[in-house]
Amino acid sequence: MNPLWHKVHWSSFIIHNHILLQSPNIISSNCSCFISTLSVTNPIQGHIRNGKINHARQLFDQNPTSRDTVTWNSIITYYIKHNQMQYAHNLFDQMPKRDIVSWNIMLSGFNKTNNPHKLHQLFLQMNRAGEIPNHFTFSIIISGFINTFNVLVPQLHGLILHLGLHSNVFVGSALMRGYTRLKDCEALHRVFDDVVVKDVSTWNALVVGYMELGFTVEAQMTFNKMPDVNIISWTSLVNGYIKNGKINQARSIFDNMPQKNVVTWTAMIKGYAQNDNYIDAINLFVSMLESATRPNHFTYSTLLDACAGCSMFLLGNQLHSCILKTGLLCEVVVSTSLIDMYMKCGDIEVALCVFESMEKKNTVSWNSVIGGCARHGLAKRALCEFEKMIESGAKPDNVTYINLLSACVHGGLVEEGERHFKLMGMRYGIKAEMKHYSCMVDLYGKSGEIEKAEKLVKEMPFEPDVGVWGALLTACGLHSCYEVANGVENLARDHPTIYSMLVKLHGEKGEWSRAIEMRNKMMETGARKQKAGSRTEFVHGVT
DNA sequence: GTGGTTTATC
């Protein structure tokens, strides 16, 4: 029995379950039978195709004559497909003779396991070995470099032109993705033109590229000109409009689509949720269930995110029961969103319970639990979870440290905070960003160490933002440091929040003329009285 | 025996 069951309302199962149960599981095609009837010349490859790796290895290890390059490659491919990169790499290193396919298989392995540094190293090693890259090589490495070594795209493009591989569809769409990331619209279009025989993916890459760069009109025109469109083209269009803030246009495309899949539905739901339109997000989810489209882990994650955003505890709870039923709790994105939802709805106990029950945790999961504890004032617990995170081998990132430092602020743990602030760069190479500085200023400020706070603001490698100035001014108010506050007045950029704080400070000091002056400045900078609202229709169990 | 397009949690 899952320990979480007792936490979930049984009534939750009533909702939508009839629809979930109706979806039949039709994935039962039996491909392996078909493959096993094929005649294969090499018995080792036959065993691999039938999934009998041990038989294959036995033959391979016993008969040196059977070990041609294709066989080596087949075995390495098998290991990569079964997530055994280390085995694959060992075999690759032992190969007496490698061909271009061997290199490409290994490169593809590093790409699939999301290891851009190893991918890069192997590519350099391949060049040193004198192997000439082909169109497979380029499509693999460009897509693998997209997040880390994207600066190399123009250089690789040069090499591609030199080798005459620019007209290949796969190379073309990989390059287009690369140039989209580099925000080079001209190059994007040039690569598109160079692909002689374009297919639907090439066109899709152009639509996505234009959308990413903010050219919605060009994207739409491209879509209209497309000789063939598929569901991905439509979804890219919907998603592009959402990314450009044109949610109504996205919806109109969405409504006119000839068919939709789970990705399309999820993209549209996310569009609403991101724009704080939670009602439409949920309504759309209900329509999705009615259309018999089965939600996947991204859909649930998106919906839980919406619940977290407006503290919809009951719906979050119901979603939890659906997730348990569909077996999607094992997905890291789902359980992480679930933790965040429970934390933001105030149920720390269940949030921690979900977290403890997770088999696989990643940096984001640790971040949400550390952040949740920090927000609820459980500073010691947050620090403790951080220690456990390090012990588990997970790597902290910038968000981890924002959460950790804010835990220190809540707990008034100045020394701890100082220590972590130093260690984050020294041990983990994480550069301190604006938010880390504002945490530190807040930490010093709240504990009365105004000089240290002021010194840090002066020493910051970039212009402080409202958050940093706000933290400093709050400290001035708390500890009646009017001199420092006067200094801030001359330095802080025009911002209603800053002036509003200064009004309060001058008022407390009894300097009414200065207070009025600040109030006028505040109004000039566009301050508006906020509409009061409890949003009672959403709030359940918020602390 | 190798490759490209849509949703992705803090």
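Just so it is clear, the values below take in all heavy atoms, side chains as well, and ignore hydrogens, waters and symmetry mates. Throughout, a chain's letter reflects where its sequence line sits, starting with A, and its residues are numbered from 1.
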> What is the nucleic acid contact for D305(A), judged by heavy atoms within less than 4.0 Å: base, sugar-phosphate only, or nothing?
Replying inline: sugar-phosphate

> Got a donor-acceptor pair under 3.5 Å from the side chain of N168(A) to the base of dG4(B)?
Replying inline: no

> Of the nucleotides dT2(B), dG4(B), dT6(B), which has the atom closest to the S143(A) side chain?
Replying inline: dG4(B)

> Which part of the nucleic acid, if any, lies within contact of K243(A), taking any heavy atom under 4.0 Å across all strands shown: a base, the sugar-phosphate backbone alone, or nothing?
Replying inline: sugar-phosphate

> Under 4.0 angstrom, heavy atoms only, what part of the nucleic acid is V332(A) near: base, sugar-phosphate, or nothing?
Replying inline: base

> How is S337(A) classified with respect to the nucleic acid when contacts are heavy atoms under 4.0 Å: base, sugar-phosphate, or nothing?
Replying inline: sugar-phosphate

>> If only side-chain N and O atoms count, and only distance matters, is there a donor-acceptor pair under 3.5 Å linking D68(A) with T71(A)?
In response: yes

>> Using a 3.5 Å distance criterion without hydrogens, assess whether the side chain of S252(A) forms a donor-acceptor pair with backbone atoms of N248(A).
In response: no

> dT7(B), dG4(B), dT9(B): which one has an atom nearest the side-chain heavy atoms of V364(A)?
Replying inline: dT9(B)

>> From the set dT2(B), dG4(B), dT7(B), return the single nucleotide nearest to any side-chain atom of V263(A).
In response: dT7(B)

> H297(A) near the nucleic acid: base, sugar-phosphate alone, or nothing, with a heavy-atom cut-off under 4.0 Å?
Replying inline: nothing

>> Measure CD1/I141(A) against C1'/dG3(B) and give the value in whole Å, please.
In response: 12 Å

> Of the nucleotides dT5(B), dG4(B), dT6(B), which has the atom closest to the N230(A) side chain?
Replying inline: dT5(B)

> Of all the choices, dG4(B), dT6(B), dT7(B), which nucleotide is nearest to the side chain of V208(A) once you look at every atom?
Replying inline: dT6(B)

> Rounded to whole angstrom units, what separation is found between the CE atom of M358(A) and the P atom of dC10(B)?
Replying inline: 13 Å

>> Over all strands shown, is D199(A) touching base, sugar-phosphate only, or nothing at heavy-atom distances under 4.0 angstrom?
In response: base

> Is the shortest side-chain N to carboxylate O distance from E391(A) to K388(A) below 4.0 Å?
Replying inline: no

> When you measure from the side chain of H135(A), which nucleotide among dG3(B), dC10(B), dT6(B) comes out closest?
Replying inline: dG3(B)

>> Checking contacts here: which listed nucleotide (dT9(B), dT7(B), dT2(B)) is nearest the side-chain heavy atoms of S108(A)?
In response: dT2(B)

> For residues S392(A) and K361(A), is any side-chain donor paired with an opposing acceptor at under 3.5 Å?
Replying inline: no

>> Just the rounded figure in Å: distance from C1' of dC10(B) to CZ of R375(A).
In response: 8 Å

> dT7(B), dT9(B), dT2(B): which one has an atom nearest the side-chain heavy atoms of F298(A)?
Replying inline: dT7(B)

> Whole Å only: how far is the CZ atom of R181(A) from the P atom of dG4(B)?
Replying inline: 16 Å

> Would you say the base of dT9(B) and the side-chain of S301(A) have a donor-acceptor pair closer than 3.5 Å?
Replying inline: no

>> Does S139(A) contact dG4(B) through a side-chain donor or acceptor facing the base, at a distance under 3.5 Å?
In response: no

> Side chains of N230(A) and S233(A): donor-acceptor distance under 3.5 Å anywhere?
Replying inline: yes

>> Need one value for T202(A): base, sugar-phosphate or nothing, where a base atom within 4.0 Å counts as base even if backbone is also close, heavy atoms only.
In response: base

>> Base, sugar-phosphate or nothing for K198(A)? Non-hydrogen atoms, less than 4.0 Å.
In response: nothing

>> According to ring-ring contact (aromatic ring centres under 6.0 Å, His included), does anything in residues 344-364 of chain A pair up with another residue at least two apart or in another chain? List the pairs.
In response: F355(A)-W366(A)

> For N114(A) and dA8(B), what is the distance between atoms CG and C1' respectively, to the nearest whole Å?
Replying inline: 13 Å

